[in-house]
Structures are given as structure tokens and as C-alpha cells.
Amino acid sequence: MEIKDKKFIITGGAGFLGKHVVSLLINKYKVKEANIFIPRSVEYDLRKEKDIDILFKKFKPEIVIHLATVSGGLGYYKEHPAKVFHDILSMGTNMLEASRLSGVKTFIMTGSATIYPAKAEPPYKEEDIWNGLPDESEISFGLSNRALSSEILLYRKEYGFDGRFFILSSLYGPGYNFNLTHPHVIPSLIKRFDNIISKKEDKIEIWGTGKALRDFIYVEDAAEAIILALREYNSSEPLNISSGEGTSIKDITERIAKIMKFKGKIVPDLTKPEGRLNRIVSAEKLEKYIKFKGKTDLENGLKNTIKDYLNSKK
């Protein structure tokens with residue numbers, strides 16, 4: 001698909017992933033800035049149909065990339081399961097239906113690896129989605145993602161509508177909002193290390209044993225994969241966007257400690273939850289259909305992320 005002259009609505013376009021998607025579209029794929037509309041939550045509440053109706057009447061897109069979601073980590077999902085489920089589902093359903101009714105050519109929605117069953121064998125493949133319930137600690141996020149991925153499939157079946165659902169593994173990289181109340185794993189650790197170092201404390205606690213494995217993908221690589229999949233992956237079957245590699249929380253913590261020159265102890269807090277123990281997401285289909293593999297290794301990605309965080313404090 002040629003996208004240079006298309007008009008886009010990108011929800012979450014001012015967010016962590018969205019900023020990188022927008023930058024790539026403008027700088028690499030030569031989409032005109034005037035052809036990209038980024039709705040802001042202060043003006044458009046995507047949970048409300050009337051706000052979305054106004055949005056689509058004001059800016060008539062040909063492509064919609066729906067990145068907006070509920071920000072937060074494991075703690076937030078556990079505290080507010082009903083709200084998380086409702087907000088994700090209502091935003092996604094409203095955007096999908098408005099896109100269909102407005103004649104949008106292609107609709108992209110992103111979800112999370114929480115969609116996968118708690119007992120699935122890693123690396124998680126797209127066909128594993130319905131082989132059991134998601135992990136209890138992430139069930140609201142996982143089930144809402146399943147519902148939306150199914151809705152996209154049904155829209156193609158009934159309406160011939162070109163919707164696509166991409167499953168993201170854990171994102172990290174420059175541009176993260178470190179002021180979030182519930183940051184994700186890597187930014188949370190970076191911020192905690194910085195606080196501990198500034199206070200000259202000699203230990204840091206990590207949730208659980210530290211043995212839990214996570215699949216991290218650098219945000220710029222994820223943005224590139226989304227655009228490539230927009231151009232080349234014409235299917236409503238879910239597609240993983242991941243590194244396909246697992247790294248333990250302990251390893252991540254030790255890497256960050258080394259880069260930030262922390263000399264103290266890393267202490268596991270066994271009273272805290274750590275979610276599922278192994279969440280590695282297969283990149284096999286991604287590599288097969290769009291020939292994509294991330295360019296940024298974990299060590300350099302962490303260095304870039306830490307540098308960006310420290311610069312943001314100046």
C-alpha cells in the first residue's frame with residue numbers, strides 16, 4: 001500500500017509509541033504533517049460516540065491507527081480491572097465502527113501480549129490466543145484485547161472492512177513519560193535507580209523473584225514494524241510485533257544498575273506480584289510476512305533510554 005498521500009487519524013499519536021509512528025510517517029515515508037490528525041483526550045473522549053462523530057466529521061481520514069489505550073502497569077490493572085476493561089473496549093469499538101461508517105480504507109489497532117493465555121507455552125504464537133484465560137493479574141486488559149481482535153475479524157467477514165490487529169510486546173525507549181503514576185517495567189526501574197542513587201541508598205527492591213521473563217522491543221523498532229505491516233500485511237488475523245527474545249527482570253535490573261553505575265544490592269521482594277513467569281512473544285509470523293527484525297539490541301536500547309531520561313531532567 002502506498003501511504004504518502006493518505007490522510008491519517010492517529011489516536012495516542014502524542015503518546016510514547018505514537019510520537020515515533022508520527023515521526024516515521026513524516027520523516028521517512030514523506031506523509032505531509034497536515035495529513036495527520038492527532039486527537040487529544042482533552043477535546044475528544046474516545047469512550048463517547050458523540051466525540052468520535054465530531055472527530056470524523058472534522059477530519060475525514062483514509063487510514064486510522066488506533067494506539068490510544070489505558071496507561072498503567074501491573075499494579076493499576078489489578079486495582080481497576082472493570083475500568084480498564086470498559087475503557088479499552090469502548091474506545092476500540094467506537095473507533096472501529098466510526099471508521100467503517102466513514103469509509104476508512106484501513107484501520108489499525110494495537111493490543112498487548114496480555115491477550116495470551118496464562119498457561120500458553122512460550123514463545124506465544126498468534127494461534128494460541130484462545131487456548132485458555134489470560135493471567136488473573138492482567139485479565140481485564142487481556143480479555144478486552146481478545147474481544148477487539150475478534151471484532152476486527154468479524155468486520156472483515158461481514159463488511160469486507162480492512163481492519164488489522166497487532167499485538168505488542170513490552171515497549172521501551174526514548175520519549176517515555178516518566179511522570180506516569182504506573183510506569184512500565186524498564187522506565188519504572190530507571191526512575192527508581194535514579195531516586196536511590198540521588199539519595200545515596202545502597203539497595204533496590206524488585207517485585208517478585210526477578211525470574212520472570214519478558215519480551216522487550218525498542219519503541220522505534222515497533223513503530224517501524226507497524227508502518228511496514230500497514231503497507232504489507234493485508235489480513236485481519238492478529239500479528240505479533242515483538243523481539244521474539246526473553247529477558248529476565250533480574251537481568252534487566254542488573255543491566256540498568258551497571259549502566260547507571262549503581263553499586264548497591266538488588267533485593268527481591270517476594271510479597272509483590274510479578275505476573276506470569278514467561279512472556280516471550282513469537283516474532284516468526286512478523287519475520288515471515290513483512291521480513292521485519294528489530295535493529296536495536298537491548299544494551300544499546302537501554303543506554304538510549306537512560307540517556308533520554310537523564311536529559312529530560314536537565
Side-chain angles (χ1 to χ4, degrees), residues 16-17 69-78 110-126 128-129 134-142 145 166-174 176 178 180 182-193 204-223 225 238 240-260 266 268-270 272-284 286 293-294 296-306 309:
F16 177 42
L17 174 59
T69 188
V70 174
S71 297
L74 192 61
Y76 184 78
Y77 306 150
K78 187 176 180 181
T110 56
S112 158
T114 59
I115 196 171
Y116 284 107
K119 296 181 180 180
E121 288 293 324
Y124 304 150
K125 296 184 177 181
E126 291 84 352
D128 295 332
I129 289 174
D135 190 89
E136 180 62 31
S137 64
E138 306 163 328
I139 198 164
S140 58
F141 214 114
N145 277 206
F166 303 151
I167 302 167
L168 298 169
S169 59
S170 298
L171 299 175
Y172 76 103
Y176 192 88
F178 285 88
L180 290 174
H182 301 275
H184 289 92
V185 175
I186 288 177
S188 174
L189 284 169
I190 291 171
K191 189 171 183 178
R192 288 174 59 207
F193 268 115
I204 183 170
E205 293 182 343
I206 57 173
W207 281 28
T209 63
K211 294 179 181 179
L213 296 174
R214 293 293 179 266
D215 185 326
F216 296 101
I217 184 168
Y218 194 61
V219 65
E220 291 177 6
D221 290 340
N240 290 335
I241 292 180
S242 65
S243 71
E245 299 174 358
T247 307
S248 73
I249 301 301
K250 182 176 182 291
D251 185 17
I252 284 287
T253 307
E254 290 172 348
R255 286 172 183 258
I256 294 172
K258 183 178 179 181
I259 296 169
M260 298 185 75
I266 298 170
D269 182 351
L270 302 182
K272 294 289 197 301
E274 55 190 342
R276 64 185 78 184
L277 290 178
N278 192 333
R279 190 161 70 199
I280 303 172
V281 183
S282 173
E284 182 180 338
L286 181 69
K293 190 167 181 64
T296 310
D297 63 74
L298 185 60
E299 190 71 16
N300 285 316
L302 287 174
K303 288 177 180 177
N304 293 343
T305 308
I306 291 167
Y309 168 71

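Owing to the predicted nature of the structure, the values given are computational and were not obtained by experimental measurement.
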Check your understanding: So, the side chain of Asp251 versus the backbone of Ser248: is there a donor-acceptor pair under 3.5 Å, distance only?
Key ->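 No, the answer is negative, given that no donor and acceptor are paired below the 3.5 Å cut-off.
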Check your understanding: Is there a donor-acceptor contact under 3.5 Å from the side chain of Ser243 to the main chain of Asp215?
Key ->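 Not a single qualifying donor-acceptor pair exists.
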Practice item. Let me know which of Thr305, Asp297, Asn304 forms a side chain to side chain donor-acceptor pair (under 3.5 Å) with Tyr218. Key: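 The side chain to side chain donor-acceptor pair (under 3.5 Å) with Tyr218 is passed solely by Asn304 among Thr305, Asp297, Asn304.
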What distance do [X] atom [atom1] and [Y] atom [atom2] have between them, rounded to the nearest 0.5 Å?
| X | Y | atom1 | atom2 | answer |
| --- | --- | --- | --- | --- |
| Asn145 | Ile129 | CG | CD1 | 9.0 Å |
| Lys303 | Ile256 | NZ | CD1 | 13.0 Å |
| Ile217 | Tyr172 | CD1 | OH | 9.0 Å |
| Trp207 | Leu270 | CH2 | CG | 13.5 Å |
| Ile186 | Arg214 | CD1 | CZ | 11.5 Å |

Student check: side-chain heavy atoms of [X] and [Y] closer than 4.5 Å:
| X | Y | answer |
| --- | --- | --- |
| Arg279 | Ser170 | yes |
| Ile266 | Lys250 | no |
| Ile190 | Tyr176 | no |
| Asn278 | Leu213 | yes |
| Asn240 | Ser282 | yes |
| Thr110 | Thr69 | no |

Practice item. Mind checking ring-ring contact (aromatic ring centres under 6.0 Å, His included) for Tyr124 and listing every partner two or more places apart, or none if nothing turns up? Key: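 For Tyr124, the residues satisfying ring-ring contact (aromatic ring centres under 6.0 Å, His included) (neighbours in sequence not counted) are Tyr116.
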Check your understanding: Is the number of heavy atoms from other residues, nucleotides or ligands under 6.0 Å of Glu136 CD greater than 12?
Key ->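 Atom CD in Glu136 is not packed in, count stays at 12 or less.
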Review point. Taking NZ, NE, NH1 and NH2 as the nitrogens, is one of them in Glu254 or Lys258 under 4.0 Å from a carboxylate oxygen of the other?
Key: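 Answer for the salt bridge query: no.
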Check your understanding: Which class fits the ring pair Phe178 and Tyr309: parallel under 30°, tilted 30 to 60°, perpendicular over 60°?
Key ->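 Geometry flag for Tyr309 against Phe178: tilted rings.
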